[in-house]
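Just follow the structure's listing: the first ligand is 1, and inside any ligand the first atom is 1. On a predicted model such as this, the values are computed, not experimentally measured, just so you know.
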Amino acid sequence: MVKTKSRYVCQNCGYVSPHYFGRCPNCGAWNQMVEEVYTADANKKVGGSSNGVQSQPVALDAVNLDDNKRIPTHISELDRVLGGGVVPGSLVLIGGDPGIGKSTLLMQVSGQLAKTSGEQVLYVSGEESASQIRLRAERLGVGGKHVVVYPETDMDLIRRAIKEVKPGFLIIDSVQTMNEPALASAAGSVSQVREVTNELMRIAKNDGLTTFVVGHVTKDGAIAGPKMLEHMVDTVLYFEGDMHHTYRILRAVKNRYGSTNEIGIFSMEEDGLHVVDNPSESFLEERLPHATGSAIVVSMEGTRPILVEIQALMSPTLFGNAKRTTTGIDHNRAALIMAVLEKRANLLLQNQDAYLKATGGVKLDEPAIDLAIAMAVASSYQDAEVDPGDCFVGEIGLTGEIRRVNRIESRIEEAAKLGFKRIFVPKNNLSRYNPTAKIQVVGVTTITQCLQQALKPSKAALAEKGGRGA
Ligand code: TYD
Ligand code: MG
């Protein structure tokens, strides 16, 4: 007879204890310990080598590199994020808010992989019925007998289906709905998610089955389940973006087979996700000419420069402390830049509420965006326009100096490619720069210098001044 035991598992961090605690001794969360009954048998399987494969010590030179061949998904932005395609036998976890497009992306991936590899794709969904999946697939133009859908949540049955179908690719939508029957706890609980992921990892490695897994995201943006979920899998991608915007950004937060700073940009259309070939153009297309409080930055996302509009709106504080509200820009960075503007450029910002935004739903977090933030703030505050043909790159130091940034050549080239006339860059960056691009490059050393050269008073401000003068 199989022996059953009971234990308490923290639903927040996965801490396991034979006793109940009101407060988890590991992470300090209250009321998170949940009793679980498990069979001693099921637990044994977890021990030993995590991927179930017996391996031998081998000299570094003798390691076979063929193991890292990639299969292109033929969805260019996804391939870019994965580092050129998906590695056979790897497990890719895709997280993101509900409704962001995870199922849509994986259905499109299934269609592409089935078409180009000729192997079966097993699409297991614990969330939708087969007919719902088919309806979506038809909308996306995915069809054929190579995509096998299987609405199931029981891991025993899924293992059996894998044996029968012998797929080349496995899609699990989503890990929180899957259920390992050997464990007594409910689907979605910490131990279930951990066990199911462990099992999927084992299947992926043993059978060389390339697996994509959808993971739900909690309120604070982490993948729901134990923290170690992200450590277990090979690659973690996050789907970001605002559900109400068309743009979706796919970001790698972990990649055992490639870099993690590439992003993929998609737009959600009537017939599914489309890759955005020229993101800079798309991010700028709604820009108003001659508006104040707007400046363009050339930001590097991985190896790719993209141009994004930064907007600022300053308005006098009516009550209490001045507010600083940001979207897509780090709040502390914005506060710091405003303090520098106040101290070094004599802009009286302390009694101004500031609203800052990176348009298009992107999140920017590199120091090189500082200068554009400062220009947008100053432009709004002084009601002075930034020339629509100008763009800005540079980090701002606490003494108001403009500091050197990386990859200046590709930034300048991208700006030139999109028809910008002038780019303001840190002067220090220009010592080794050979001008090749068709754009005027202006080197600046301080923030005041940049403000003087790039801001021109708006027509409204001029008219007001003229009126006052008369
Ligand atoms: P979905 O892939 O179901 O999201 P997730 O699996 O991440 O929860 O995407 C759902 C949203 O995408 C839904 O709001 C409708 C929209 N959508 C389109 O706009 N076009 C399409 O072709 C499809 C399939 C979905
Ligand atoms: Mg879904």
Side-chain angles (χ1 to χ4, degrees), residues 73-78 81-82 86 91-115 121-144 147-153 158 169-179 187-188 192-193 196-197 200 211-225 229-230 233 235-253 263-276 282 360-363:
T73 61
H74 296 280
I75 297 177
S76 57
E77 294 291 292
L78 176 63
V81 177
L82 288 171
V86 59
L91 193 145
V92 181
L93 180 66
I94 299 187
D97 290 334
I100 199 85
K102 301 180 293 296
S103 307
T104 308
L105 177 69
L106 287 183
M107 181 46 82
Q108 286 178 269
V109 170
S110 306
Q112 285 291 349
L113 286 173
K115 205 159 54 182
V121 180
L122 182 61
Y123 189 107
V124 182
S125 176
E127 310 205 326
E128 289 152 314
S129 68
S131 57
Q132 273 174 314
I133 299 172
R134 165 129 198 224
L135 274 179
R136 185 208 311 264
E138 267 172 13
R139 226 169 124 178
L140 300 173
V142 174
V147 181
V148 183
V149 292
Y150 187 35
E152 185 50 70
T153 58
I158 293 168
F169 303 92
L170 174 67
I171 315 272
I172 301 283
D173 189 1
S174 62
V175 65
Q176 279 87 1
T177 54
M178 297 300 147
N179 175 45
Q192 278 288 359
V193 170
V196 167
T197 314
L200 290 172
T211 308
F212 290 89
V213 178
V214 169
H216 288 173
V217 161
T218 59
K219 272 204 301 294
D220 36 313
I223 289 183
L229 191 60
E230 296 191 8
V233 303
T235 303
V236 181
L237 309 181
Y238 269 97
F239 227 159
E240 293 172 358
D242 191 341
M243 250 182 74
H244 308 290
H245 277 93
T246 33
Y247 295 117
R248 302 282 189 275
I249 291 159
L250 191 66
R251 197 183 286 276
V253 276
I263 63 167
I265 302 174
F266 296 88
S267 65
M268 180 65 96
E269 314 275 340
E270 283 294 290
D271 55 346
L273 289 159
H274 290 244
V275 300
V276 176
S282 323
V362 279
K363 279 202 193 95

Using 0.5 Å steps for rounding, measure from the [atom1] atom of [X] to the [atom2] atom of [Y].
X    : Y    : atom1 : atom2 : result
D97  : R248 : CG    : CZ    : 10.0 Å
S125 : M178 : OG    : CE    : 6.5 Å
L273 : L106 : CG    : CG    : 10.0 Å
Y150 : L122 : OH    : CG    : 8.5 Å
E127 : T177 : CD    : OG1   : 5.0 Å
I100 : M268 : CD1   : CE    : 8.0 Å

To check your reading of the model: name the closest protein heavy atom to [atom], its residue, and the distance in Å.
atom                    : answer
atom 7 (O) of ligand 1  : K102 N, 2.7 Å
atom 11 (C) of ligand 1 : G99 O, 3.5 Å
atom 17 (N) of ligand 1 : M268 SD, 3.7 Å
atom 6 (O) of ligand 1  : S103 OG, 2.6 Å

Requested in this report: Provide the tally of protein N/O/S atoms nearer than 2.8 Å to the Mg ion (ligand 2).
Outcome: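 My tally for this metal is 1.
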
Report task. Run the numbers on F212 and L105 for side chain to side chain contact (heavy atoms under 4.5 Å, CB included), then give the verdict. Result -> CA-CA 11 Å; F212 290 89; L105 177 69; over 6 Å; no

Query raised in the report: For V109 and F169, what are the C-alpha separation, side-chain angles and deciding distance, and is it a side chain to side chain contact (heavy atoms under 4.5 Å, CB included)?
Result: CA-CA 10 Å; V109 170; F169 303 92; over 6 Å; no

Query - Residue selection (non-hydrogen contact nearest atom 24 (C) of ligand 1) among T104, L106, L105 - result: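 Minimum heavy-atom distance to atom 24 (C) of ligand 1 goes to T104.
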
Requested in this report: Report the member of R136, E269, E270, H216 with the shortest heavy-atom distance to atom 3 (O) of ligand 1.
Outcome: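 It is R136 whose heavy atom sits nearest to atom 3 (O) of ligand 1.
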
Atom indices of ligand 1, in the order listed, that fall short of 4.0 Å to a heavy atom of [X]:
X    : value
G272 : 20 (N), 21 (C), 22 (O)
P98  : 8 (O)
D271 : 22 (O)

Query - Under the salt bridge (Lys or Arg N to Asp or Glu O under 4.0 Å) test, residues paired with E128 that sit two or more places apart - result: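 Here the qualifying residues are R136.
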
Query raised in the report: Which one holds for L140 and ligand 1: side chain close, backbone close, both close, or neither close, with close meaning a heavy atom under 4.0 Å?
Result: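 Within the 4.0 Å criterion, L140 contacts ligand 1 through side-chain atoms alone.
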
Report task. Decide side chain to side chain contact (heavy atoms under 4.5 Å, CB included) for L237 and V81; before the verdict, give the C-alpha distance in whole Å, the side-chain angles of both, and the deciding distance to 0.1 Å. Result -> CA-CA 8 Å; L237 309 181; V81 177; 3.6 Å; yes

Report task. Tell me, please: is M107 in heavy-atom contact with ligand 1, that is, under 4.0 Å? Result ->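 In this structure, M107 fails to qualify as a contact of ligand 1 - no heavy atom is under 4.0 Å.
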
**Report entry** Sub-4.0 Å heavy-atom approach of G101 to ligand 1
**Finding:**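 A heavy atom of G101 does come that close to ligand 1.
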
Query - Audit row: L170, L200, side chain to side chain contact (heavy atoms under 4.5 Å, CB included) steps and yes/no - result: CA-CA 9 Å; L170 174 67; L200 290 172; 4.1 Å; yes

Report task. Say whether, by atom type as modelled, one donor and one acceptor occur between the side chain of K102 and the main chain of G96 under 3.5 angstrom. Result ->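 Yes.
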
